[in-house]
Amino acid sequence: MSRSPSLPDRPTLELDPEMSPSERLDALREHYARLVDVNEKLTDQIDAARAKQESLGEDVDSLQRENETLKSAARYIATVEEVTDDEVVLKQHGNNQEVLTETVPRIQEEVEAGDRVAINDSFAIQSVLSTETDARAQAMEVDASPEVTYEDIGGLDEQILEVREAVEQPLLDPEQFETVGVEPPAGVLLYGPPGTGKTMLAKAVANETDATFIKMAGSELVQKFIGEGARLVRDLFELASEREPAVIFIDEIDAIASKRTDSKTSGDAEVQRTMMQLLSEMDGFDERGEIRIIAATNRFDMLDRAILRPGRFDRLIEVPVPELEGRKRILDIHTESMPLADDLDLEAVAELADGFSGAEIASLATEAGMFAIRDDRTTVEMADFEAAHEKIDVGGDDGSGPSIAFQ
Ligand SMILES: Nc1ncnc2c1ncn2[C@@H]1O[C@H](COP(=O)(O)OP(=O)(O)OP(=O)(O)O)[C@@H](O)[C@H]1O
């Protein structure tokens, strides 16, 4: 910055008492001339300062306007690919376009490759996204201590045993597997119709092993977070290793691991990349420590067999719609806190619920309760369950139950 010119000294008047009147007059005239000179200089300086102030004021206005525009302008999300001395390579989400952009030093120090940032129309980085606003946070459900227990799950005793063996044991007692010299299953795949308790099983095992439950839905990866699937899968495993012991639960895995189709659309390529990332994460799994992976699907027939190879999802557990005994148990669980009429026969309700999934039995109980409330009663009767059954009607007109084909 240029320094402002120094102020002229104030002239001093020195009058000698010995001076004659004419000498005094001359001295006074000289002093007056010096004062006029200083005054002129100061006036010039004031004018210059005013002009400068005006020009600075214009700069401030223009910066303020720019700031407002930056704040209100549309912002896009991009991922930092590379950071050089004064430039950053960005990849925009959505169109995957790569751009090279200059940054101010403050941002330059803040960003590193892999960060997600908000950019404006001119690709200038506005801010670095925090984890909260990050898609990573939106794409994953993280539960440090899920509340579901095995006792909350009805009709799946065999499946619970298998899950305990394949997921719980390796987490709680990895040495046992080493001593016996067997590899625990790398991943467990739960398959069966919707609402049969697959998510509950994964949550219960996380609860039992004091592990963090981290869920990601395959369908969201391909529908909501387009262009980010592979990265989010990488983030998923990274987060799990930060939080171990952890149970990773990938719901609707068919969305990212379905059989290859012939079409070569960019959407397919993106899904392929996401699946390849998942496979490579699983293949490098040995060093990962206390992390177990569970996936779920209700489209087993659609799955790409590559994910079922040894070292990947190599333990398959079928979770079917419950049989009569299971339905009875699920009804017990979901009516536990309901005041039931003395003569209500839950066995008969379980028979009525033929073809119902666990989720449908849960809503059958809730609906029956609603009918009792509507009727201003405090106990739930058989007629309520019958009315609820009619309302839910899972199988459509023919009453044949959900018609999903399984292998
Ligand atoms: N076996 C079961 N025992 C008790 N409740 C169950 C059972 N299965 C399902 N439910 C009830 O249904 C709800 C949904 O179940 P869950 O999310 O585990 O099903 P899912 O198989 O993961 O379904 P989806 O395939 O649709 O993700 C549970 O919160 C629970 O209330």
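Ligands are counted one by one from 1 in listed order, and the atoms in each one are counted from 1 as well. Since this is a predicted model, take the numbers as computed values, not measurements.
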- Item | Protein contact of atom 23 (O) of ligand 1 - nearest heavy atom, named by residue and atom, plus distance | G195 N, 2.8 Å
- Message: Nearest 0.5 angstrom please: M216 CE to F237 CZ, how far?
- Response: 9.5 Å
- Message: Is it the case that the side chain of R329 and the backbone of L156 share a donor-acceptor pair, with hydrogens and angles ignored and the cut-off at 3.5 Å?
- Response: no
- Note on the structure: The closest protein heavy-atom partner of atom 14 (C) of ligand 1 is A359 CB, 4.1 Å
- Query: Taking both backbone and side-chain atoms of G197, is any N or O found less than 3.5 Å from an N or O belonging to ligand 1?
  - Reply: yes
- Please report which non-hydrogen protein atom sits nearest to atom 22 (O) of ligand 1, along with the residue it belongs to and the distance in Å to one decimal place. T199 OG1, 2.5 Å
- Would you say D152 touches ligand 1, if touching means a heavy atom closer than 4.0 Å? yes
- If you measure from atom 28 (C) of ligand 1 to every heavy atom of M200, R329, R327, E252, which option wins on shortest distance? M200
- Query: Has the side chain of R24 got a donor or acceptor atom that lies under 3.5 Å from a matching backbone atom of L15?
  - Reply: no
- Got the closest protein heavy atom to atom 1 (N) of ligand 1, with its distance? G154 O, 2.9 Å
- Query: Taking heavy atoms and a distance under 4.0 Å, where does I330 meet ligand 1: side chain, backbone, both or neither?
  - Reply: side chain
- Query: Crowded around D9 CG? As in, over 12 foreign heavy atoms under 6.0 Å?
  - Reply: no
- Query: T196 heavy atoms, cut-off 4.0 Å: which ligand 1 atoms fall inside?
  - Reply: 1 (N), 8 (N), 9 (C), 19 (O), 20 (P), 21 (O)
- Task: State whether E270 and R273 are salt-bridged, where the test is any N-O pair (Lys NZ or Arg NE/NH1/NH2 against Asp/Glu carboxylate O) under 4.0 Å.
- Result: yes
- Among all protein non-hydrogen atoms, which one is nearest to atom 27 (O) of ligand 1, and what is the separation to 0.1 Å? D251 OD2, 3.3 Å
- Item | Among R374, E367, H389, R377, the one residue meeting side-chain contact (heavy atoms from CB on, under 4.5 Å) with D384 | R377
- Message: What I want to check is whether the side chains of D283 and S280 have a donor and an acceptor closer together than 3.5 Å.
- Response: no
- Message: Can a donor-acceptor pair be found, under 3.5 Å and without considering hydrogens, that links the side chain of D345 to the backbone of E347?
- Response: yes
- Query: Does some non-hydrogen atom of H334 fall short of 4.0 Å from ligand 1?
  - Reply: yes
- Item | Protein heavy atom at shortest distance from atom 25 (O) of ligand 1 | K198 NZ, 3.1 Å
- What are the atoms of ligand 1, with element, lying closer than 4.0 Å to any heavy atom of N298? 25 (O)
- Task: Would you mind listing which atoms of ligand 1 come within a distance below 4.0 Å of any non-hydrogen atom of P194?
- Result: 23 (O), 25 (O), 26 (O)
- Query: Nearest 0.5 Å, what's the NZ-CG distance between K215 and D251?
  - Reply: 4.5 Å
- Query: Just checking, any donor-acceptor pair under 3.5 angstrom between side chains of S363 and E360?
  - Reply: no
- Task: Please could you name the atoms of ligand 1 that I153 approaches to less than 4.0 Å, counting only its heavy atoms?
- Result: 1 (N), 3 (N)
